Amino acid sequence: MSSAIKSIRSIAPLLDRILVQRIKPEAKTAGGIFLPESAVKELNEAKVLAVGPGAMNKDGQRITPSVQPGDKVLIPQYGGSPIKVGEEEYSLFRDHELLAKVNE
């Protein structure tokens with residue numbers, strides 16, 4: 001599947017799915033010391049890249065997703081559907097799987 005996808009912009013999530021990319025942790029401390037990759041822990045924070053139109057309820061009305069592209073969210077440590085485009089990794093989550101929206 002990854003060979004057919006040339007750009008992440010060509011992916012449009014369906015229903016209540018949310019396309020996110022994990023935010024990479026800093027590899028440098030506040031004091032300027034560079035940390036090896038093995039010492040850097042993966043963050044549960046991600047940036048929303050694309051949002052589906054929303055799921056339908058049992059009355060046939062669309063439920064709009066709770067996030068918009070550009071929002072920062074907290075995601076579960078495991079889960080989601082991984083997508084790899086080139087060297088970049090992305091994930092698809094359902095709206096109800098997102099843990100929280102980060103307000104800045």
Side-chain angles (χ1 to χ4, degrees):
M1 181 170 150
S2 64
S3 63
I5 301 171
K6 305 228 182 306
S7 169
I8 198 64
R9 296 186 198 276
S10 65
I11 296 176
L14 300 175
L15 299 175
D16 64 340
R17 289 180 178 80
I18 314 290
L19 179 67
V20 300
Q21 183 178 27
R22 279 188 192 269
I23 296 175
K24 293 180 176 57
E26 291 290 326
K28 188 167 115 175
T29 65
I33 298 171
F34 285 95
L35 300 170
E37 273 189 41
S38 60
V40 178
K41 187 178 174 189
E42 196 173 69
L43 295 177
N44 285 1
E45 197 172 326
K47 182 177 180 183
V48 176
L49 301 176
V51 178
M56 302 293 247
N57 66 12
K58 55 185 163 184
D59 297 327
Q61 298 172 337
R62 192 167 299 278
I63 303 168
T64 57
S66 57
V67 295
Q68 298 296 321
D71 288 347
K72 285 187 179 178
V73 294
L74 295 179
I75 56 175
Q77 184 70 30
Y78 302 103
S81 300
I83 299 172
K84 192 167 184 178
V85 178
E87 295 299 314
E88 296 292 325
E89 292 185 13
Y90 305 92
S91 296
L92 271 173
F93 286 93
R94 289 192 174 269
D95 190 35
H96 70 273
E97 293 175 330
L98 299 178
L99 303 176
K101 182 176 172 181
V102 177
N103 294 323
E104 293 185 60

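Nothing here was measured: the structure is a model prediction, and the numbers come from that model.
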Nearest 0.5 Å, please: how far is [atom2] in [Y] from [atom1] in [X]?
X	Y	atom1	atom2	answer
Q68	I18	CD	CD1	8.5 Å
L19	I11	CG	CD1	6.0 Å
N44	L74	CG	CG	7.0 Å
S81	E97	OG	CD	8.0 Å
F93	I75	CZ	CD1	4.0 Å
E45	L99	CD	CG	11.5 Å

Identify all side-chain donor-acceptor contacts of residues 55-62 below 3.5 Å with residues at least two apart in sequence or on another chain.
from, atom 1, to, atom 2, distance (Å)
N57, OD1, D59, N, 3.0
N57, OD1, G60, N, 3.1
N57, OD1, Q61, N, 2.9
R62, NH1, G54, O, 2.6

Worksheet item: For E88, what residues pass the salt bridge (charged side-chain N to carboxylate O under 4.0 Å, His left out) criterion, not counting sequence neighbours?
Response: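 Partners of E88 by the salt bridge (charged side-chain N to carboxylate O under 4.0 Å, His left out) criterion, ordered by chain and then number, come out as K24.
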
Worksheet item: Would L92 and I83 satisfy side chain to side chain contact (heavy atoms under 4.5 Å, CB included), going step by step from the backbone distance to the final call?
Response: CA-CA 8 Å; L92 271 173; I83 299 172; 3.7 Å; yes

Compare every heavy atom of [Y] with every heavy atom of [X], then report the nearest pair and how far apart it is.
X	Y	result
R22	Q77	NH2-O, 3.1 Å
P65	P53	CD-O, 3.7 Å
P69	L49	CB-O, 3.7 Å

Practice prompt. Taking the side chain as every heavy atom from C-beta outward, state whether V48 and V73 have any pair of such atoms under 4.5 Å apart.
Written response: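 V48 reaches V73 side chain to side chain.
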
Discussion item. In the structure I gave you, are the side-chain heavy atoms of D71 and K47 within less than 4.5 Å of one another anywhere?
Written reply: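 Sidechains of K47 and D71: no contact.
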
